[in-house]
There are 2 protein chains.
Amino acid sequence: MQITSYTDYALRVLIYLARSPEKQTTITEIAEFFNISRNHLVKVVHQLGSKGFVKTTRGKGGGLALQRPPELIRIGDVVRCMENHFNWVECFDPAQQECRLLPNCGLKQLFARAGIAYLDILDSATLADVLLGITTID
Amino acid sequence: MQITSYTDYALRVLIYLARSPEKQTTITEIAEFFNISRNHLVKVVHQLGSKGFVKTTRGKGGGLALQRPPELIRIGDVVRCMENHFNWVECFDPAQQECRLLPNCGLKQLFARAGIAYLDILDSATLADVLLGITTID
DNA sequence: GTATAAGATATATTTATATTACATCTTTTG
DNA sequence: CAAAAGATGTAATATAAATATATCTTATAC
């Protein structure tokens, strides 16, 4: 039970950007800082861009920056956008046949409620909240 | 974001057993019923046995049965026992180095709270609750 | 207007993990 | 003791995640 490193990286990118709000930051810089694959990060950033979390600018002198202030970025929203499915149990998957004999068992609803509770907590915090207490490094 | 089919199968085994409390049920029977790999199910059942959810009896005429009434089996406990880790974010993993620059960022705590909320909901229901409304088939 | 620095995109490869399969052992009862 | 059932360990396969490579597009600087 774990989020993918894809989502994990997305959160780290946002945290990194929130710490240097003034300047344009490059993907290469972030990848080297966290010592993770630049190529993978490119996709993460791209998706963050398409979802409106960051603004990317191509070309010389380009890079990325937060599109909204950290106070307006809810962690739950980020996780929702980056994780590609929340099929907590198999019968959630629309591609799946309905469970052989238990079409009305309570499992599905129970896990649905648990998933909502999970995301609710994540929604209760913004990027700004998460940053509290982080000492500036650079 | 999904539980493993391992955990999924465990829940189905328990549901199946709860529906036929009188007799000994064999792994083969359950595997055929749900049309899933018997071999995988063997391990699931074994772990369910070692965790005290089912009582397995070897030998001719053996099989398995619930060790406790369904009212006393909380779904959350089953999930806790079957999933092998809850490292919601990478920095949960004890084997992992501490996050390069953000040793005191709030992410870890936030996800910890979300995970607790998730399991809390699952704890709020027992196997008996999940079974309500299931029509007996056999 | 060309060179360069940046992100965008697609494909392939590698790695990790989950799942399944196979083989053999142990226990129990008839 | 034979058969039926679970127990256990190892190997193979399948799936998904992560990484690598290559090429394309955009924008700025000179």
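Here the structure is a predicted model, which means the values were calculated and not measured. Just so it is clear: chains get the letters A, B, ... in the order the sequence lines come, proteins before strands, and each one is counted from 1.
- Rounded to whole Å, the distance from CD on E29(A) to C1' on dG7(C) is 15 Å.
- Rounded to whole angstrom, the span from the OH atom of Y6(A) across to the P atom of dT17(C) amounts to 20 Å.
- Comment: D77(B) does not engage K51(B) in a salt bridge, judged by the lack of any side-chain N to carboxylate O separation of less than 4.0 angstrom.
- Side-chain atoms of S20(B) never come within 3.5 Å of backbone atoms of K23(B) as a donor-acceptor pair (strictly under, hydrogens ignored).
- Under the 3.5 Å distance criterion, the side-chain polar atoms of E83(A) are left unmatched by any main-chain donor or acceptor of I3(A).
- Between Y9(B) and the phosphate of dT20(C), there is a side-chain N or O to OP1/OP2 separation shorter than 4.0 Å.
- Between Y16(B) and F33(B), the ring planes lie perpendicular to each other; the angle is over 60°, past the 30° to 60° tilted range.
- The shortest distance between side-chain heavy atoms of C81(B) and F53(B) falls below 4.5 Å.
- Following rounding to the nearest Å, K23(B) (NZ) and dA4(D) (P) show an atom-to-atom distance of 17 Å.
- Taking only side-chain nitrogens and oxygens, T4(B) never comes nearer than 4.0 Å to OP1 or OP2 of dT17(C).
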Reading nucleotides 21-30 of chain C from the 5' end, what letters show protein touch, with B for base, S for backbone sugar-phosphate only, - for no heavy atom under 4.0 Å? BB---BBBS-

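- Applying the ring-ring contact (aromatic ring centres under 6.0 Å, His included) rule to Y118(B) yields the partners W88(A), W88(B); only residues at least two apart in sequence or on another chain are considered.
- Ring geometry for Y9(B) versus H40(B): interplanar angle over 60°, hence perpendicular rather than tilted (30 to 60°).
- If you take CD of Q67(A) and P of dG7(C), they are 15 Å apart, rounded to a whole angstrom.
- Taking atom CD1 on I27(B) and atom P on dT8(D), their separation rounds to 11 Å, with Å as the unit.
- Counting to the nearest Å, the P atom of dA5(D) and the NZ atom of K55(B) are 16 Å from each other.
- When the side-chain nitrogen and oxygen atoms of S5(A) are compared with OP1 and OP2 of dA18(D), one or more of them lie within a distance under 4.0 Å.
- One interatomic measurement links the two molecules: CD1 of I3(A) to C1' of dA16(D), which rounds to 16 Å at whole-angstrom precision.
- To the nearest angstrom, P of dA16(C) lies 14 Å from CD of Q2(A).
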